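Worksheet: one structure, shown below.
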Amino acid sequence: MKDEWRILSYRKAISAIKKYKKPITSYEEAKKIPGIGLRTAEKIAEIIDTGNLKRIDSFSEGDDIIKKFGNVYGVGPSIAMKWYAKGHRTFEDVLKDEKLTRNQISGILYYDDLQKRIPRDEVTKISEWVTRAALSIDPKLECITGGSYRRGNPDCGDVDIMITRNDSDGTTHLGVLSRLVEILRDQGFLTHELVQHNGESLSAKFMGICKLPEGVHRRLDIFMVPYNEMGAALLSYTGNDIFNRSMRLMARKKKMCLNQHGLFMNVSRGRDGIKYSEGKIIAQKTEKEICDALGVPWR
DNA sequence: GCCC
DNA sequence: CAGTACG
DNA sequence: GGGCCGTTACTG
């Protein structure tokens with residue numbers, strides 16, 4: 001199904017409504033909000049008038065099952081629909097009949113835990129745990145929790161931690177992630193590794209599942225960041241995704257290119273593996289520097 | 001779906 | 001390569 | 001009509 005862009009549109013509308021803060025009391029008011037068009041404004045009006053949206057009542061049990069399948073880590077819209085089309089209705093069906101990837105098995109095994117929101121103070125505790133382990137490797141490491149936590153949310157879907165190190169003394173954080181993962185694993189804190197870190201890169205990352213001694217299983221991402229890229233990393237890993245996409249679209253319109261490493265001149269590069277040559281970087285060290293270069297107000 |  | 005995941 | 005983030009990064 002090609003609902004991809006309609007879904008994105010709805011997500012933008014939801015984001016716009018949240019940002020709008022005050023209650024929407026009329027069709028006209030809704031229609032004025034950027035990101036809310038004719039069709040969504042009509043639906044909002046229906047909710048204002050009747051307190052309900054009729055289309056939602058017509059969602060079938062099958063829709064719910066496909067949605068549940070798609071919420072499994074490692075399962076997206078394509079596989080969720082495939083499973084349903086093959087007659088699967090429960091995780092038991094899937095476990096019995098499907099060849100699953102290791103991540104999908106973890107996703108089903110810890111489905112209930114991973115669906116739960118993480119209270120903000122537990123995110124703090126998880127961050128402190130990881131930070132303590134990191135500093136035991138090198139006290140000059142800097143750990144910053146990003147994601148919805150850095151956006152100030154009262155609860156989060158996962159924990160995103162960026163780790164960097166001021167390299168002006170000639171030392172970097174190269175190789176730290178492997179050691180950190182090993183420590184956290186030995187502590188029994190890490191229970192599953194979903195994505196392995198990419199070698200010994202300064203941009204290595206970890207994606208997995210962790211658990212505090214008295215807690216349930218939680219998704220944890222650790223992103224290693226080269227010191228001079230920290231601004232770009234902070235922007236990217238704080239998000240949210242709709243914000244990132246709009247920023248990157250804005251960059252592209254100005255013939256620039258924004259990613260988690262920095263803001264670049266949008267010049268074509270050969271596919272010979274060479275990444276970003278020196279002359280093409282515009283900004284990356286601080287968030288303000290990048291926003292200034294894009295002409296976006298910072299704070 | 002929305003926006004140009 | 002398609003599919004999925006990260007913000 | 002046609003684009004909608006990243007030449008993002010990883011899995012199988």
Side-chain angles (χ1 to χ4, degrees), chain A residues 1-16 30-44 55 69-83 99-107 114 144-151 153 156-162 193-199 201 203-208 219-225 229 232-253 256-264 266-276 280 287 294:
Chain A
M1 273 230 276
K2 286 327 279 177
D3 277 349
E4 181 184 354
W5 303 116
R6 205 161 51 83
I7 291 168
L8 176 65
S9 188
Y10 277 125
R11 293 188 57 231
K12 284 178 178 172
I14 291 167
S15 185
K31 185 71 181 63
K32 281 184 196 161
I33 301 173
I36 296 180
L38 183 69
R39 314 295 302 279
T40 302
E42 284 174 354
K43 292 181 176 68
I44 290 172
R55 273 199 56 184
F69 284 168
N71 283 338
V72 173
Y73 189 93
V75 178
S78 180
I79 293 173
M81 292 196 60
K82 194 181 76 181
W83 284 353
K99 170 71 178 169
L100 302 174
T101 67
R102 48 187 297 281
N103 286 355
Q104 288 164 352
I105 292 169
S106 296
L114 298 186
I144 298 174
T145 305
S148 49
Y149 183 82
R150 188 159 180 261
R151 298 199 301 272
N153 282 21
C156 308
D158 67 357
V159 183
D160 308 289
I161 301 177
M162 287 163 268
E193 294 164 41
L194 297 165
V195 173
Q196 304 301 318
H197 32 108
N198 56 355
S201 161
S203 299
K205 73 177 175 186
F206 167 86
M207 297 162 69
R219 278 281 292 105
L220 171 67
D221 295 333
I222 302 174
F223 305 101
M224 307 304 288
V225 181
E229 292 182 6
L234 283 167
L235 274 182
S236 279
Y237 297 133
T238 301
N240 62 11
D241 65 332
I242 291 174
F243 169 78
N244 284 349
R245 293 166 81 141
S246 70
M247 288 279 285
R248 291 170 184 200
L249 183 60
M250 200 177 307
R252 182 196 285 189
K253 284 179 178 169
M256 296 185 274
C257 173
L258 178 64
N259 62 24
Q260 63 268 46
H261 300 297
L263 179 65
F264 302 87
N266 193 13
V267 289
S268 56
R269 280 152 289 208
R271 68 280 289 121
D272 48 5
I274 303 300
K275 297 195 94 177
Y276 308 108
K280 294 160 188 167
E287 292 171 293
L294 278 173

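The sequence lines fix the lettering, A, B, ..., with proteins before strands; numbering per chain opens at 1. Keep in mind it's a predicted model, so treat the numbers as computed, not measured.
- Among the nucleotides C:dG3, B:dG1, D:dA9, the one closest to any side-chain atom of A:S78 is C:dG3.
- Following rounding to the nearest Å, A:R219 (CZ) and C:dA5 (C1') show an atom-to-atom distance of 8 Å.
- Backbone-only contact: A:R102 has heavy atoms under 4.0 Å from sugar-phosphate atoms and none from a base.
- Using a 4.0 Å heavy-atom criterion, one finds that A:L38 contacts the sugar-phosphate atoms exclusively.
- With rounding to whole Å, A:N259 atom CG is found 16 Å from C:dG7 atom P.
- Toward the 5' end of DNA chain D, the nearer of the two residues A:R245 and A:T101, judged by each one's closest nucleotide, is A:R245.
- For A:D158, the side-chain atoms get nearest to C:dC6 when compared with the rest of C:dT4, D:dC5, C:dC6.
- Counting any heavy atom pair closer than 4.0 Å across all strands shown, A:N103 reaches no nucleic acid atom.
- Pairs of Watson-Crick or G-U wobble type, with distances under 3.5 Å, assemble into runs of 3 or more in DNA chain D at these ranges: B:1-4 with D:1-4, C:1-5 with D:8-12.
- Residue A:Y237 contributes atom OH, which lies 14 Å from atom C1' of D:dC5 at whole-angstrom precision.
- Within the nucleic acid shown, A:N244 comes within 4.0 Å of at least one base atom, counting heavy atoms only.
- A:F223 and A:Y237 have parallel rings, their planes meeting at less than 30° on a 0 to 90° scale where 60° marks the start of perpendicular.
- Rounded to an integer number of Å, the gap from CG of A:L8 to P of B:dC3 is 12 Å.
- Looking at heavy-atom distances under 4.0 Å, A:I79 makes contact with sugar-phosphate atoms alone, never a base.
- When heavy atoms are screened at a 4.0 angstrom cut-off, A:I242 is found touching no nucleic acid atom at all.
- Within 4.0 Å (heavy atoms only), A:M207 reaches sugar-phosphate atoms of the nucleic acid but no base atom.
- With centroids closer than 5.5 Å and planes inclined by less than 30 degrees as the test, A:W5 and the base of B:dC2 fail to qualify as a stacked pair.
- Within 4.0 Å of A:Y73, counting heavy atoms only, lie sugar-phosphate atoms of the nucleic acid but no base atom.
- Within 4.0 Å (heavy atoms only), A:R151 reaches sugar-phosphate atoms of the nucleic acid but no base atom.
- Nearest approach of A:A251 to A:L263, heavy atoms of both residues: CB-CD1, 4.0 Å.
- Taking the nucleotide of DNA chain D with the nearest heavy atom to each of A:D241 and A:L194, the more 5' of the two is matched to A:D241.
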